[in-house]
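Let me begin by presenting the structure, written as structure tokens, before commenting on it.
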Amino acid sequence: MLAVATLASCAKEETLSFDKGEAIQFGNAFVDNATRANDYGPNNPLTAFKLWGTIEGLEGPTAIFADDTVTGTVGPDSEWNCTTKTQYWIEGAKYNFAAVVGGTVTATNGLPSSIEYTADDNTDLLYARSNEYTGLASGNPKVAFEFKHLLSKIKFTLENTTSNAANVGTYTYTLTDVKIKDAITTGTYTVADTKNADNSYTVNMTADAWTSKVVDDMEFADIEGVTNNTSKSSTAESLIIPMDDAVVSYTVNLYYGGKKITSTTGSATVDFAPGCAYNLVVSTGLNNEIKFKVETHPTWNEITPDTAI
């Protein structure tokens with residue numbers, strides 16, 4: 001920054017050069033291993049996010065970042081940089097930052113106020129709100145983000161508890177017609193962060209933060225070929241919009257000798273909370289062995305022949 005001042009003690013104009021200040025950087029604490037998305041784990045790490053930021057001035061907040069892109073590499077000493085613009089710390093000014101991966105963001109007063117999302121099973125939605133920072137003359141820290149999953153993650157497991165002893169026949173189960181009835185397929189997450197005494201923010205991680213727009217039955221893949229004393233999970237975990245009192249329905253089919261013997265429907269009511277992963281286990285099996293009894297010993301009927309010998 002350059003400033004021009006006229007010195008009263010002399011007639012000439014002096015140009016005073018001020019330190020340009022430190023660029024705002026984004027740092028290594030923004031990803032928590034416990035909250036990484038399945039899309040953004042070690043095999044496919046998060047490399048970019050969208051950024052919003054404000055500076056609080058004498059006339060209220062002013063946006064300094066808006067839907068800007070920040071890129072980097074996850075690691076304990078990582079440094080992430082905004083590729084679309086550079087902004088600088090101003091001593092004594094207050095700063096707020098928020099970051100989003102996925103969805104369509106609406107901003108109010110320079111920060112995200114809502115995020116619209118359409119479920120497609122595997123596209124994640126992440127949100128982070130940094131602490132409120134006060135600019136320093138020097139030694140400003142990197143802005144740290146800890147992303148939260150705004151979605152719920154689910155998978156299904158079919159467990160066959162039938163004994164697999166050597167003399168037991170093979171009873172095979174399948175799980176079909178798996179669905180969540182009236183699931184939220186498109187919804188809007190309303191940002192309602194709570195500021196704490198230490199200038200950190202608590203993100204609203206409840207299903208109530210979501211407003212449903214479109215509902216429909218959401219179907220999931222079948223699980224087949226579960227034999228005695230084994231279990232099998234769905235091949236892919238699905239990401240869904242959180243909801244309370246979701247009705248999960250399914251059909252369990254039993255096969256013996258390659259032919260279907262029985263088909264039974266079931267259902268359960270589940271609350272799906274943001275940031276939580278669920279393994280919905282359907283456990284079934286046969287435990288009533290076919291047994292036999294003989295109540296009397298075999299006896300001979302005594303017969304006197306009609307003809308004497």
Side-chain angles (χ1 to χ4, degrees), residues 1-5 15-36 46-101 103 105-115 126-150 189-206 209 275:
M1 297 175 62
L2 297 178
V4 177
T15 300
L16 304 181
S17 178
F18 286 85
D19 183 7
K20 177 168 143 173
E22 297 178 316
I24 298 174
Q25 295 180 323
F26 305 90
N28 54 359
F30 83 94
V31 145
D32 180 348
N33 289 342
T35 61
R36 284 188 190 162
L46 182 65
T47 58
F49 58 84
K50 291 294 187 177
L51 172 70
W52 284 258
T54 62
I55 181 173
E56 186 74 30
L58 297 178
E59 299 179 352
T62 298
I64 57 173
F65 295 104
D67 199 25
D68 287 288
T69 300
V70 176
T71 62
T73 303
V74 174
D77 298 315
S78 65
E79 182 175 301
W80 292 63
N81 295 299
C82 183
T83 60
T84 47
K85 68 177 61 167
T86 300
Q87 297 284 16
Y88 292 89
W89 295 103
I90 298 174
E91 184 178 3
K94 295 186 182 301
Y95 295 81
N96 279 278
F97 304 95
V100 178
V101 178
V105 174
T106 298
T108 303
N109 294 325
L111 293 172
S113 56
S114 65
I115 307 170
L126 306 178
Y127 173 75
R129 177 70 180 265
S130 75
N131 295 353
E132 182 177 82
Y133 288 85
T134 299
L136 305 174
S138 61
N140 288 280
K142 296 175 183 177
V143 176
F145 285 120
E146 182 179 331
F147 280 90
K148 302 291 185 183
H149 290 284
L150 298 185
Y189 172 82
T190 300
V191 177
D193 304 325
T194 302
K195 187 176 181 180
N196 304 311
D198 62 354
N199 290 329
S200 66
Y201 283 87
T202 300
V203 175
N204 185 3
M205 297 294 290
T206 66

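Positions are given from 1 along the sequence.
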Test side chain to side chain contact (heavy atoms under 4.5 Å, CB included) applied to V143 and W80, step by step:
CA-CA 9 Å; V143 176; W80 292 63; over 6 Å; no

Mind checking whether P141 and Y133 have side chains closer than 4.5 Å, heavy atoms only?
yes

For the residue pair L150 and M205, establish whether any side-chain heavy-atom pair is separated by less than 4.5 Å.
yes

Can you check side-chain hydrogen bond (donor to acceptor under 3.5 Å, both in side chains) on T54 and N109, steps first, answer last?
CA-CA 8 Å; T54 62; N109 294 325; over 6 Å; no

Are V105 and D67 close enough, and set up right, to give a side chain to side chain contact (heavy atoms under 4.5 Å, CB included), and what steps lead you there?
CA-CA 8 Å; V105 174; D67 199 25; over 6 Å; no

Does N196 reach the main-chain N or O of D198 with its side chain, forming a donor-acceptor pair under 3.5 Å?
no

Could you check whether any side-chain N or O of T106 sits under 3.5 Å from a backbone N or O of S113, counting only pairs where one atom can act as donor and the other as acceptor?
no

Approximate separation, where rounding is to 0.5 Å, of K50 NZ and T69 OG1
3.0 Å

Quick check for you: to the nearest 0.5 Å, what is the distance between E132 atom CD and K195 atom NZ?
3.5 Å

Measure up the F97 and F65 rings against each other and bin them: parallel (under 30°), tilted (30 to 60°), perpendicular (over 60°).
tilted

R129 and N96: CA distance, side-chain angles, deciding distance, side chain to side chain contact (heavy atoms under 4.5 Å, CB included) verdict
CA-CA 8 Å; R129 177 70 180 265; N96 279 278; 3.3 Å; yes

Would you mind telling me which of D193, V101, N204 makes a side-chain contact (heavy atoms from CB on, under 4.5 Å) with Y127?
D193

